[in-house]
Every structure is written in C-alpha cells, then in structure tokens.
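Below, chain A is the first sequence line, B the second, and so on; all start at residue 1.
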There are 2 protein chains.
Amino acid sequence: MTERTGLRQLKKERTREAIAGAAIRLFLAKGFDQVSITEIAAAAEVSRRTLFAYFPTKEDLALYRFADHESEAARIVRARPAGQDPLEALREALLAALERRDPNTGLNDVPETRAFFRMIIDTESLAARLTRYLARGVDALAEALREAGADPLEARLRAAQVLAVQHELAFMNHSALLAGSSADDRYPEAVRAAERAFALLRHGTAAGR
Amino acid sequence: MTERTGLRQLKKERTREAIAGAAIRLFLAKGFDQVSITEIAAAAEVSRRTLFAYFPTKEDLALYRFADHESEAARIVRARPAGQDPLEALREALLAALERRDPNTGLNDVPETRAFFRMIIDTESLAARLTRYLARGVDALAEALREAGADPLEARLRAAQVLAVQHELAFMNHSALLAGSSADDRYPEAVRAAERAFALLRHGTAAGR
DNA sequence: TCGAGTGCTGCACCGAGTGCAAAAGTGCAC
DNA sequence: GTGCACTTTTGCACTCGGTGCAGCACTCGA
C-alpha cells in the first residue's frame with residue numbers, strides 16, 4: 001500500500017514537502033488568515049487543485065503534524081513497562097518530553113516553533129481544529145486505559161482529565177515563554193506544574209489543600 | 001445599551017427569532033451541511049446580508065444558545081453558599097441539572113433536543129465550535145476558582161478537569177439515549193456516573209481503585 | 001414634519017473547497 | 001524503445017460562506 005513504485009512515490013513525497021513547506025513559511029511570515037490557498041499553490045509550484053489533493057483543508061496545511069500525535073498518549077500507555085500504572089507512565093512521558101523541550105509541551109523556545117504555537121492559539125480556526133484532535137486523543141486514550149483494565153466509565157473520565165490537563169500545561173508553558181522566559185528559565189517551574197498536575201490527578205483536591 | 005427605543009428593539013428581536021427559528025427548523029429537517037445560508041434567509045424573509053448582521057457565522061445560527069452558557073460553571077461557583085467548596089457546588093449543580101433533565105447534561109429525550117444534540121456531535125464544524133466554547137468556559141471557571149482562593153495553577157488545572165469531565169458525562173448520557181434508553185431509564189446511571197466523576201475529581205485515582 | 005440615526009437590502013467581490021474531463025507523466029510488458 | 005494502462009496533475013466552472021459598500025426605508029425625537 002505505502003510502497004508504490006519508486007519514482008511515483010518519491011515525487012509525491014517531494015510535492016507534499018514542497019506544499020507543506022511553502023505553506024508554513026508563508027503562514028509564519030504573514031499569518032494564517034493573510035495567506036490564500038492560491039498563494040501557497042503558486043509558491044509550491046503546483047495547481048490549486050493538486051494542493052487540495054494533498055491537504056483537504058487549509059487547516060491541515062498547518063496542522064498535519066499534529067494529526068499523527070493525536071494518539072500519542074494512548075501509545076504511551078500501551079508501551080508502558082509491565083505492571084506500571086498508566087498514569088505513572090504518562091507522568092514520566094511528560095517529564096521526559098519537558099526535558100527534551102518537546103514542542104508539544106509548549107516549552108520550546110526556538111523562535112519558529114514558538115511563532116507557530118502562537119499562530120495556532122490566536123487563529124480561531126486552527127485552535128478549534130487542534131482541540132478536535134485532542135478530542136480524538138481522548139477516545140484513543142480511553143480505549144488504551146480500558147485495555148489496561150479500567151472500567152469504561154472511569155477510562156473515559158480519566159482520559160478526558162489527563163489530556164485536558166496536559167493541554168493546559170502546554171498552554172501555560174507557552175504563555176510563560178511569550179512573556180519573555182527562555183525555555184531553560186521556565187523548565188523548573190514547568191516540571192513543578194507537571195508534578196502538581198499529576199498529583200492532582202492521582203490524589204484529587206482533597207489531599208492537595 | 002440593551003434598551004433601544006421600543007419599536008426598533010422589538011422588531012430586531014422578532015427578526016432575530018425569525019432567523020434563528022427558520023435556521024433550526026431547517027437544520028433539524030435536512031442537516032446542518034445540507035442547508036445553505038441563502039435558504040435560511042429566504043425562509044426567514046430577510047436578505048442574506050441582514051442574516052449576517054444578526055449571526056456572524058453559520059455555526060452561530062445553531063449554537064448561539066450555548067454562547068451564553070459558556071460561563072455557567074463560573075457563575076455556579078460564584079453563587080455558591082458561603083463556605084461551600086467550589087467542587088461541591090459544581091457537583092450539586094450537576095445533580096440538579098440531571099434531575100431537571102437539563103439539555104446540557106445530554107439527558108433530555110425530547111426528540112427535538114436529542115436530534116439537535118446529535119446534529120452537533122456529528123457535524124465537524126459544530127462540534128469544533130462547541131469545544132471552543134468549552135475552552136472559554138475553562139478560562140471563566142479558572143478565574144472564579146482563583147477568586148475562591150485557589151492558586152492560579154491549580155485553578156486552571158481544576159477548571160480544565162471539571163469541564164472536560166462534565167463534557168464527557170453529557171456525551172455519555174447522550175449516547176445512552178441514542179442507544180434507545182429513555183431519559184428516565186438512564187437517570188440512575190447518569191447520577192452514578194456523575195458521582196463517580198466527582199469522587200474522582202476529589203480523591204483521584206489512588207483512592208478510587 | 002423634518003432631519004438624523006439606524007437598519008435593511010442588493011450587488012459585486014473574495015477565498016475555500018469540489019466535480020469533471022482533458023492532458024501529462026509513470027510503470028510495465030513486449 | 002514502443003505501446004498501453006494507470007496515476008497524477010491541471011484548468012475550469014461552480015457552490016457556498018462571508019464582507020464591503022452605497023443607497024434606500026424606516027423610526028425616533030424635536
């Protein structure tokens with residue numbers, strides 16, 4: 001399926017790269033809403049029609065990377081060491097992501113990455129689309145938790161909580177960077193926030209205060 | 001501000017009603033995507049241009065009711081009896097909402113309401129828009145929790161968790177109704193689910209299992 | 001009754017997205 | 001290499017949501 005005959009496949013990948021590259025470059029330079037599909041197609045040297053064959057909507061042009069990550073949390077739970085608590089696996093994964101300054105944690109201060117993040121946040125249609133991915137991530141995580149033995153109700157509730165919290169953490173980190181911190185400045189606080197978040201998930205409000 | 005001179009104001013409200021009414025009727029009859037703005041305008045006997053003066057986007061035509069509800073949770077926290085825990089106030093409010101079969105709980109089996117709910121869920125653009133309202137609700141609730149004395153970090157995390165959970169509960173109730181239950185059939189289970197959800201919020205996983 | 005707002009309308013326009021059929025490019029068998 | 005089948009690309013015409021603008025109609029208050 002994935003393995004078409006060589007040249008065809010190669011060219012398709014090139015074209016896809018060209019389109020996505022042109023799109024992101026233009027978006028970052030002028031802002032999502034200030035760039036038209038026609039403009040992107042021209043920059044990538046393909047027809048408008050071809051562009052739509054690769055990316056069905058304008059939003060996909062900016063967010064296709066996230067589409068793959070949507071079930072990341074589910075994957076982490078499935079790949080956890082035998083006997084480990086799913087929540088603990090997610091916690092460790094988040095801490096590791098923070099440490100490596102994973103863009104998805106909001107804790108990456110490479111200017112391009114930060115600008116990209118910002119663009120998403122203050123472009124309605126992109127933010128909306130992103131939260132849709134999040135919703136699908138909830139489904140996936142809930143499924144993984146069920147496999148791990150949680151009952152269906154609790155699986156969904158937990159999944160929703162965890163992802164909502166991770167999303168907030170990323171948003172808060174990003175805000176801190178926008179306010180002027182470097183990723184390294186922010187790092188210790190980001191870790192503390194993450195730890196508190198997971199403590200909250202594990203022990204609830206009752207224990208926390 | 002709200003109080004324009006009588007006749008003008010009255011007519012505006014009538015027009016607004018006419019537009020919204022026509023829109024919802026058509027949406028329920030044919031599905032959101034199968035109805036064009038032009039069609040709605042014709043049905044409401046106004047020009048397309050006028051329609052857009054009242055509802056800036058097609059989605060607003062379906063969801064404007066929700067826009068007001070977006071800060072409902074925040075309101076509940078602010079209006080709680082002195083000394084009561086915010087989470088407890090939210091819990092009680094949810095149980096009360098379930099009891100009165102509030103549409104927002106997903107536990108309302110009036111056919112129109114159910115169809116409406118369903119339309120939102122399986123229309124991408126509507127679902128996306130709705131979760132945006134949810135996000136703004138998180139901001140509002142976090143603010144209210146801060147006023148109630150929570151520290152900013154915890155306020156945001158809690159707010160995100162609570163609303164994510166309520167959203168899931170509503171979704172699950174709606175699913176149960178779609179699967180054939182009546183609201184009354186589902187009610188006891190809905191209450192149990194809500195109780196467990198709040199127990200989870202209060203005590204975390206640790207205590208729960 | 002008149003003038004100033006305010007709202008409504010039509011029109012021309014933009015950008016996203018789709019269906020279709022022709023044209024160009026690629027893979028493969030001979 | 002040639003021919004043929006199969007993909008991909010392209011251009012075009014069209015639909016639909018949404019906006020800017022300018023003129024018209026109505027309402028209000030003096």
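- Atom NZ in A/K12 sits about 13 Å away from atom P in D/dT10, given to the nearest Å.
- For the pair B/L51 CG and C/dG10 C1', the interatomic distance rounds to 15 Å; values are reported in whole Å.
- Residue contacts for A/Y54: at a heavy-atom cut-off of 4.0 Å it reaches the sugar-phosphate backbone alone, with no base atom in range.
- We find that CZ of B/F55 is positioned 16 Å from C1' of D/dG17, with the value rounded to whole Å.
- With rounding to whole Å, B/L61 atom CG is found 13 Å from D/dG18 atom C1'.
- The shortest distance between the side-chain N/O atoms of A/K11 and the OP1/OP2 oxygens of D/dT8 is not below 4.0 Å.
- Between B/S47 and the phosphate of C/dT9, there is a side-chain N or O to OP1/OP2 separation shorter than 4.0 Å.
- For the residue pair B/R186/B/N173, the side-chain donor-acceptor check at 3.5 Å is satisfied.
- Both tests do not hold together for A/K58 against A/F52: distance to the six-membered ring centre under 6.0 Å, angle to the ring axis within 45°.
- Rounding to whole angstrom units, CZ of residue A/R14 and P of C/dG25 are separated by 16 Å.
- For the pair A/R101 and A/Y187, the cation-pi test (distance below 6.0 Å, angle within 45°) is passed.
- Atom-to-atom, CD of A/E45 to P of D/dT10 comes out at 10 Å; the value is rounded to the nearest Å.
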For nucleotides 20-25 of chain D, 5' to 3', base contacts (B), sugar-phosphate-only contacts (S) and non-contacts (-) with protein non-hydrogen atoms under 4.0 Å give BB----
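- Electrostatic pairing of B/R192 and B/E189 counts as a salt bridge here, judged by a charged N lying under 4.0 Å from a carboxylate O.
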N/O-N/O pairs, protein side and nucleotides 13-16 of chain C side, under 3.5 Å:
| residue | atom | partner | partner atom | Å |
| --- | --- | --- | --- | --- |
| C/dA16 | OP1 | A/I37 | N | 3.4 |
| C/dA16 | OP1 | A/K58 | NZ | 3.1 |
| C/dA16 | OP2 | A/I37 | N | 2.9 |

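- The CD atom of A/E13 sits 12 Å away from the P atom of D/dT8 (whole-angstrom rounding).
- For CD of B/E88, the number of neighbouring non-hydrogen atoms (other residues, nucleotides, ligands) closer than 6.0 Å is greater than 12.
- Centroid-to-centroid, the aromatic rings of B/F32 and B/F27 come within less than 6.0 Å.
- Per the geometry, CZ belonging to B/R129 stands 13 Å off C1' belonging to D/dG18, to the nearest Å.
- Between the side chain of A/T15 and the backbone N or O of A/K11, at least one donor-acceptor pair lies under 3.5 Å.
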Under the criterion side chain to side chain donor-acceptor pair (under 3.5 Å), I'd like the reasoning laid out for A/D102 against A/T105: C-alpha separation, chi angles, the key distance, then a yes or no.
CA-CA 6 Å; A/D102 186 311; A/T105 60; 5.4 Å; no
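- Using a 4.0 Å cut-off between a side-chain N of Lys or Arg and a carboxylate O of Asp or Glu, B/E195 and B/R91 qualify as a salt bridge.
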